[in-house]
2 protein chains.
Amino acid sequence: MTVAETTTPPEAEAAWQILWELMLKQRTRFVEAVAELDLTPVQAIVLRRLDPERPTPMREIADMLRCDASNVTGIVDRLEARGAVERRPDPTDRRVKALVLTRSGRTLRRRALQKMGEPPPEIANLSRADLQTLHGILSRTTSR
Amino acid sequence: MTVAETTTPPEAEAAWQILWELMLKQRTRFVEAVAELDLTPVQAIVLRRLDPERPTPMREIADMLRCDASNVTGIVDRLEARGAVERRPDPTDRRVKALVLTRSGRTLRRRALQKMGEPPPEIANLSRADLQTLHGILSRTTSR
DNA sequence: TATTGTTATACTCTATAACTATA
DNA sequence: TATAGTTATAGAGTATAACAATA
């Protein structure tokens with residue numbers, strides 16, 4: 001009997017292992033950080049996705065979250081109830097409702113982005129050289 | 001009025017930015033991967049935490065998840081209903097219930113670990129040199 | 001008195017199915 | 001017919017509060 005073959009190099013598994021641990025820790029940190037703004041994780045992710053310059057169709061949010069469109073209704077309901085966003089009917093396609101950040105929604109978004117952008121101590125404490133190298137390598141994961 | 005000072009070096013923010021994007025993408029991937037084993041994300045995380053060699057008090061699970069103990073009751077109920085774990089009263093402290101993996105629970109855990117340990121293409125496609133460097137830097141984030 | 005785990009309750013996120021109104 | 005968004009419903013995770021058993 002043969003063991004299922006690993007096409008993945010062992011170096012990748014080792015690196016991924018640590019990255020995974022780091023992500024697990026950050027999950028909790030993220031939840032707590034946005035909770036200080038009275039936001040749930042998904043609400044923060046949606047807020048982050050909304051473009052302050054452009055009304056965003058709800059469909060795009062569902063695609064981004066990879067969830068059913070029906071879920072977006074509730075999430076947006078709560079963001080709207082708190083005055084962060086407004087639904088605006090699209091002039092060209094009347095089926096579409098686009099989301100627009102309110103004045104306070106833009107402020108809230110900015111605060112949320114700030115919290116999310118704050119690197120955790122694990123990262124912040126690395127040397128500049130390490131950080132630059134890390135940045136270089138990580139860039140290669142997105143581009144390609 | 002002064003702007004809140006950033007003690008964080010800009011290199012850290014840049015690296016964190018990309019890491020954050022990567023984590024957001026992996027979130028979806030993780031959910032889908034463990035769903036193939038009919039596991040929710042939290043169930044997979046709990047399973048991963050259970051030591052096949054040692055009964056684990058429910059309290060430890062609550063601490064690990066950083067949630068109220070009452071939540072663990074439900075999560076364990078579902079894992080137990082599916083035959084993956086059993087509650088075993090602790091002989092020395094009768095308040096404590098410790099979790100033990102069943103035979104099929106151990107298999108399930110192994111499969112889950114395998115799925116979680118599989119590096120995503122973004123990582124797997126990096127060069128060996130990059131992977132080794134990455135591993136070195138990431139190791140420095142955990143230790144200290 | 002403090003701790004472990006449970007029950008009850010409420011809220012949010014998620015999936016599915018059925019529906020409306022548009023296209 | 002197909003698509004955008006809604007409603008209804010159900011399951012899961014999470015928080016709080018009240019409780020029983022034990023320490």
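Throughout, protein chains are lettered first and strands after them, A, B, ... in sequence-line order, and every chain is numbered starting at 1.
- Among residue pairs with one or both ends in residues 90-133 of chain A, none qualify as ring-ring contact (aromatic ring centres under 6.0 Å, His included); sequence neighbours excluded.
- In this structure a side-chain-to-backbone donor-acceptor pair under 3.5 Å is missing from Arg94(B) to Pro89(B).
- A salt bridge links Glu21(B) to Arg48(A): at least one charged side-chain nitrogen sits closer than 4.0 Å to a carboxylate oxygen.
- Atom CG in Asp77(A) sits roughly 13 Å away from atom P in dG5(D) (whole-Å rounding).
- Between Ile137(B) atom CD1 and Gln132(B) atom CD the span is 12.5 Å, to the nearest 0.5 Å.
- Under a 4.0 Å N-O distance rule, the pair Asp130(A)/Arg140(B) qualifies as a salt bridge.
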Just by protein heavy atoms under 4.0 Å, how would nucleotides 10-17 of chain D read 5' to 3' in B, S and -?
--SSBBBB
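- Contacts classified as ring-ring contact (aromatic ring centres under 6.0 Å, His included) and involving residues 24-66 of chain A (residues at least two apart or in different chains) are given here: Phe30(A)-Trp20(B).
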Let me check something: any side-chain donor-acceptor pairs from residues 74-82 of chain B under 3.5 Å, sequence neighbours excluded? List them with distances.
{"from": "Asp77(B)", "atom 1": "OD1", "to": "Arg87(B)", "atom 2": "NH2", "distance (Å)": "2.2"}
{"from": "Glu80(B)", "atom 1": "OE1", "to": "Arg87(B)", "atom 2": "NE", "distance (Å)": "3.0"}
{"from": "Glu80(B)", "atom 1": "OE1", "to": "Arg87(B)", "atom 2": "NH2", "distance (Å)": "3.3"}
{"from": "Glu80(B)", "atom 1": "OE2", "to": "Arg87(B)", "atom 2": "N", "distance (Å)": "3.2"}
{"from": "Arg82(B)", "atom 1": "NH2", "to": "Leu37(B)", "atom 2": "O", "distance (Å)": "2.9"}
{"from": "Arg82(B)", "atom 1": "NH2", "to": "Asp38(B)", "atom 2": "O", "distance (Å)": "2.4"}

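- Within residues 45-62 of chain A, the residues that place at least one heavy atom under 4.0 Å from DNA chain D are, in residue-number order, Met58(A), Arg59(A).
- For DNA chain C, the neighbouring residues in residues 89-99 of chain A, judged by any heavy atom under 4.0 Å, are Thr92(A), Asp93(A), Arg94(A), Arg95(A).
- Taken from CG in Leu134(B) to CG in Leu138(A), the straight-line distance is 6.5 Å, to the nearest 0.5 Å.
- In terms of modelled atom types and a separation under 3.5 Å, the side chain of Asp68(A) and the main chain of Asn71(A) share no donor-acceptor contact.
- At least one donor-acceptor pair under 3.5 Å links the side chain of Gln43(A) to the backbone N or O of Thr40(A).
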